[in-house]
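Within every chain, numbering begins at 1; the chains are lettered A, B, ... in the order of the sequence lines, protein sequences first and strands thereafter. Atoms considered below: every heavy atom in the structure, side chains included; atoms not considered: hydrogens, waters and symmetry mates.
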Amino acid sequence: MKKPTVITGTVGNDAHVIGTKILSRALREAGFNVVELGILTPTDEFIKAAIETDADAILMSSLYGMAELDVTGFKEKCIEAGLDDVLLYIGGILGVGRRDAKEDEEKFKKLGFDRVFPPETELKLAIGDLWADLKAKGKV
Amino acid sequence: MKKPTVITGTVGNDAHVIGTKILSRALREAGFNVVELGILTPTDEFIKAAIETDADAILMSSLYGMAELDVTGFKEKCIEAGLDDVLLYIGGILGVGRRDAKEDEEKFKKLGFDRVFPPETELKLAIGDLWADLKAKGKV
Amino acid sequence: MAPNVKNQKIDEGEFLRMREKVLAQWPTGKEVDLDEAIEYQKKLPDSKNYLKIMQKLHEEGRTVAYPRAGTATIEDSISLYRKLEESQVPFLLVTTDSYTRQLEFKKVEAAIEETKKTGKKILNGFPLINHGVKGMRQIVESVNTGAFNPRISLKAYPLGSEIAFASGMTGVSAGPFISWGAYEKNSDIAEAIGAYQYMHRLIGYYADRGVKITCDNHGWILTGVQPMTVNLATTIAEAMMEAEQGVKSVVSCIHLMGNLAQDLAWIRVAPRLMREYLDRYGYADVIIAGTLAQHTPLFPMPQGMGGAFAYTDYSALVGALGKVEACSIRSIDEALGIPTEESHQLTYESVNWFFNVIRGQKIDLEMKEIAIEERIAELEIRAILDKLLEIGDGDIVVGCIKGVHLGIIDSSFSPNKQVKDKVIGVKDCRGAIRYAEFGNLPLPEEVKEFHREKVAERERADGTKADYEMTIRDFWAFNKGQLIGKPVRA
Amino acid sequence: MAPNVKNQKIDEGEFLRMREKVLAQWPTGKEVDLDEAIEYQKKLPDSKNYLKIMQKLHEEGRTVAYPRAGTATIEDSISLYRKLEESQVPFLLVTTDSYTRQLEFKKVEAAIEETKKTGKKILNGFPLINHGVKGMRQIVESVNTGAFNPRISLKAYPLGSEIAFASGMTGVSAGPFISWGAYEKNSDIAEAIGAYQYMHRLIGYYADRGVKITCDNHGWILTGVQPMTVNLATTIAEAMMEAEQGVKSVVSCIHLMGNLAQDLAWIRVAPRLMREYLDRYGYADVIIAGTLAQHTPLFPMPQGMGGAFAYTDYSALVGALGKVEACSIRSIDEALGIPTEESHQLTYESVNWFFNVIRGQKIDLEMKEIAIEERIAELEIRAILDKLLEIGDGDIVVGCIKGVHLGIIDSSFSPNKQVKDKVIGVKDCRGAIRYAEFGNLPLPEEVKEFHREKVAERERADGTKADYEMTIRDFWAFNKGQLIGKPVRA
Ligand code: B12
Ligand code: B12
């Protein structure tokens, strides 16, 4: 079986690195081919990397509260770039101030994300979701 | 001028003494004649003492949360005993659990109290109220 | 319960005759079958046994929260204690309501009915006696871990403790001084001790049959700002009284007043002297199960949530630094009313953080102030205990009774009319508590001189006398987020 | 801002030429008139001057909270800082938003408009540059007490600090390491230092004219669990860089990791060594205004309110025991998002309680562990600084640049690609932080041996290797209310 390829990174002007680092390492240990873009990654770079590596999923992080601004229109750009089929995940603190995880989930699903993860996400479970979603798409 | 006489004490089965002790001392220093009944004082004893000493006011305390049960019907008993004109004050933690001072005030005013004081009452101010009320009644 | 009460084990026949009257106070008394109760106790797992829990905590070097809890209905109680269990609180206090404490069981019945009908909370605690053994056992059996422990009253302890122990409670607040000195106005110290002897003897009866029920000794809870000397001396006196009646497991409770060095000194000195006096007076087989520290609840907590958390976290800190097994914690709602389940949960979440983080570091504090305070406290407690034993001719009960009358043990602000009320305490410049007035306390001159110096320093710093005003200022200090009550300048 | 940057005061003419470009970055740059700004600064009361506030706190033996605050609009800012003033917080942080930090002033404009229209909060901080001198002065003038202090970014500091100081801000987070090492991915250390030299030179310009603006030196904020050695060494390096550009007032910032003895040792050692190195390298006239301690925000806070209060109270405790003037406090909402005014207020209510109660007691902690940690920390920091100065031929700037390339200073988990990332830290059995991997850090063999022993002890206790897994476990420990990350047993 070919290793599935995934892109990780912190989107926009966000500099919080720890979450995406831990996630990247966990993904690698779980058998993924991980392209780790790190912090301060413009949405275009995610798309570029996904095209170049023929990625199966993009796993974005954002903690600084301005994610919505950063990713509005991202799904559309992905479609334009022919990445319709790439899974989009996002996780972190997805707005300014105390959050309601349910609201965040709805909001970012509307913006085109397949799954939305709150802080303190158990990464094992998230990676389990990823396997399941890839399987459902017949990618693994 | 004759010193006005006031009765203090903790009503019912309440054993919290500090508030009523401090209040009694402050009243004494403010020039009142204070009959200090202490804790665990049945309502009847308040009435008896008020009659015996021809008191101008009764200042009850209650902290343990069961004041409402203790003083329901007290105003009526006072009237029966001919104490219509005696001022009734109560202070402390006037129910079980987190309190809304406004609600307590309404409740105990309905029960016949002239003034109702929350925890952390500044005693100087309360005693000021007492002087004012006595003056209004022409008692000082 | 005679006024000529002595420190002497009640004869078993006599005890059994007394029992009949006690059990007849309310129909649920009939539910108590001692033999069956002893079997029931023996079948309880270690995780519900007060002594065993304490010993395990000691071995593991852990501190846990000791709650203050009690709610009127069985359903609410089960929910509450399960929440406490989730919060890793293994000591499950059952605070009884004030009607129960006055034996007003009919009123309790009415209140329970009313609550059932209207949902309105009326009782300020759990009506243990009305619910009886059947009710209480439901609660005991509803958790996996946790030693239940009732808080009752002078009047209601005899029947209450019968029901408590038969229900599987394994600890109890057992000293006579707390009721007599902090909850009563007219009661007599001799009568109070006599009344408690019944419960101690009951525990002795269980102990003779292999069931160890543990006595928390709170001593004379001293109201307001004053050194804990008399309090600590009386916890030791209480342990001696209990031991005589056959109690085999006691706890050393230490009430704290907020100065770290003084508080830690008290924590170190109290169990050490308790051991010494127990041994010296022939009770070497009595186990000191552990130590329980608490910021004595005799001044008000801050009403704001930030201050309330700080104060309660501070209690946890001192307890953990003192390496006590349990630390009695006031919930963040303390100043507001009986806490909700959520307030309990948040409170333990907070103090558990402190317990874990501090105990994990295995901190051994060395400060010269601790050594000084320890020496002073030891001199004071010994002076008082020895005087009590002297005037009691070796009998601690007689000594305590005479001691109250003579003001050898004394407290300010007590509600009890029998108390001399000749002492006054204030904080010194570092927030340690000193006597401004000694009354008749038999303290050594050297110790008095120490207090006087510290008080004089405070007077100079504040520019006011150390008097009633100052003690009241100090009383409110923690409530206002201050260590010491600052004088209000005109 | 050349890569051949050195620790050498920028010539004034050169500086003034640089200014023109800086001020042209956005129209509000034109609002800055240096002469007028200096007059404005001189008229500020002592109660708004960072240095004066620090000195007063030191004299009075007090600790205060240092907040993290910043909100998008002027009105909200005024309301927020007045609330902080009410909460007795005299250091008023102005955290700028992330667009400002990237010089994306047009996006800021759009966001401000959107917020005005919809009320929706978009920016995660205060857009200092868009609001300009006029806007910021409104805020400075809206309080009576409080020194404002901006948090900006590598890119935006030059123009941001021009506006900040002209608006009456009297302190600033001034070290280049924080931006480069914690906020940037591609930036170069030499460029970063060059960029910061501009701000330092600007402060020097003010200082030459009698206005002392104070530099907080945070050093290289080290991400994740690792000893603060490199962090503390770089705070001292930063002070030397600032001093060379004419800065006259600096603060020693100490990042804490949660073990009391180690944290207190760092608090003791850092300002002492900063003084020594400043003196030795010719900057004896630079004042160390005070010390600022904080539990480094590089691990997540507990999300529950109980745990959040405990953690933040613990920070306050350690700061107070360390007798620092200011303690950077994370609000109880830290893990949840930008705090509300109420969360700020509750947080300071809580920590102020601790500050007052602990400092009032004048506690002098003596623990042998503190002495041991102090010695180790001193050996480590000296070894690193001396090595940097050696490879820089006495030039600390050159030393730092080379040091990064060689891994003489290093950090795990840094977002910056330039970082070697060869070190790994874990907690020892008491929660003190040790190196499991030393990378190229030039630590003395004796020190390394000490770390190895402690790490080996931990490995034995956990039954696992001290590796990446362990560091991640430890990273989450406080968040879960634990001192050390416990291994998950299968
Ligand atoms: C000290 C204390 C005790 C001591 C009392 C010692 C003694 N004999 O006085 C002890 C340990 C014995 C005790 C026992 C109990 N307590 Co208690 N106790 C407290 C505590 C910590 C402080 C009370 C106090 O002294 N405050 C300081 C004084 C000066 O304030 P004060 O009395 O309120 O008076 C002020 C004002 O209210 C006002 N005021 C009062 N009365 C009046 C009257 C007038 C006319 C005016 C003008 C003003 C006024 O003026 C004063 C000055 O500002 C409070 C919680 C807290 N606040 O932190 C709990 C508290 C009052 N206790 C409580 C309870 C439940 C009990 C017990 C039932 C259970 C138990 N824990 O054992 C028993 C009750 C025994 C009984 N039969 O009453 C609850 C009450 C719950 C509720 N109402 O919802 C509280 C709130 C704790 C809690 N959160 O659970 N308690
Ligand atoms: C460490 C930290 C920093 C460090 C970052 C160091 C670094 N380079 O990484 C420093 C000090 C530099 C920093 C800076 C800032 N920070 Co910051 N920071 C934090 C802090 C304390 C911890 C973050 C963290 O590392 N958590 C641990 C990691 C492992 O968790 P995580 O990233 O959330 O990831 C987990 C999950 O979310 C999930 N996850 C994350 N992404 C994804 C993606 C997928 C696909 C999946 C499946 C899962 C997943 O999995 C991980 C494991 O559970 C938080 C507050 C807190 N939580 O306690 C504030 C916080 C995130 N910061 C905040 C802010 C505002 C900032 C600043 C803007 C302002 C400032 N303080 O200077 C700057 C931003 C700079 C920038 N351009 O982004 C705010 C955000 C506010 C909001 N959203 O409302 C917070 C919440 C603090 C606060 N309450 O104010 N910060």
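Ion pairing between A:Asp114 and A:Lys75 fails under the 4.0 Å rule for side-chain N and carboxylate O. Using a cutoff of 4.0 Å between basic side-chain nitrogens and carboxylate oxygens, A:Glu105 and A:Lys109 are scored as salt-bridged.
With a 4.5 Å cut-off on non-hydrogen atoms, A:Leu40 touches chain D through its backbone and its side chain both. Interface remark: D:Asp333 contributes side-chain atoms only to the contact with chain A (heavy atom separation under 4.5 Å). Using a 4.5 Å cut-off between heavy atoms, A:Glu36 makes no contact with chain D at all. Contact annotation for D:Ile472: only side-chain heavy atoms (C-beta onward) come within less than 4.5 Å of a heavy atom of chain A. Proximity to chain A (any heavy atom under 4.5 Å) is shown, for D:Ser98, by both the backbone and the side chain. Proximity to chain A (any heavy atom under 4.5 Å) is shown, for D:Gln303, by both the backbone and the side chain.
Comparing D:Tyr99, D:Tyr468, D:Tyr183 by heavy-atom pairs within less than 4.5 Å of chain A, the highest count is held by D:Tyr468. Across A:Glu120, A:Arg99, A:His16, the residue that shares the most heavy-atom pairs under 4.5 angstrom with chain D is A:Glu120. Of all the listed residues (D:Asn479, D:Thr223, D:Asn416, D:Asp97), the one sharing the greatest number of non-hydrogen pairs under 4.5 Å with chain A is D:Asn479. When the candidates A:Ile39, A:Asp14, A:Ile93, A:Val17 are compared by the number of heavy-atom contacts under 4.5 Å with chain D, A:Ile39 comes out ahead. Between chain A and the residues D:Arg101, D:Lys121, D:Glu184, the largest count of heavy-atom pairs under 4.5 Å involves D:Glu184.
Ring-centre distance between A:Tyr89 and A:Phe117: below the 6.0 Å cut-off. Taking the centre of each ring, D:Phe126 and D:His131 come in below the 6.0 Å mark. Checked against the 6.0 Å centroid threshold, D:His218 and D:His255 count as a close aromatic pair.
D:Phe478 and D:Phe299 have perpendicular rings, their planes meeting at more than 60° on a 0 to 90° scale where under 30° would count as parallel. Below 30°, between 30° and 60°, or above 60°: for D:Phe475 and D:Phe413 the angle between ring planes is below 30°, a parallel geometry.
For the residue pair A:Ser24 / A:Thr8, a side-chain donor-acceptor distance below 3.5 Å is found, with atom types taken as modelled.
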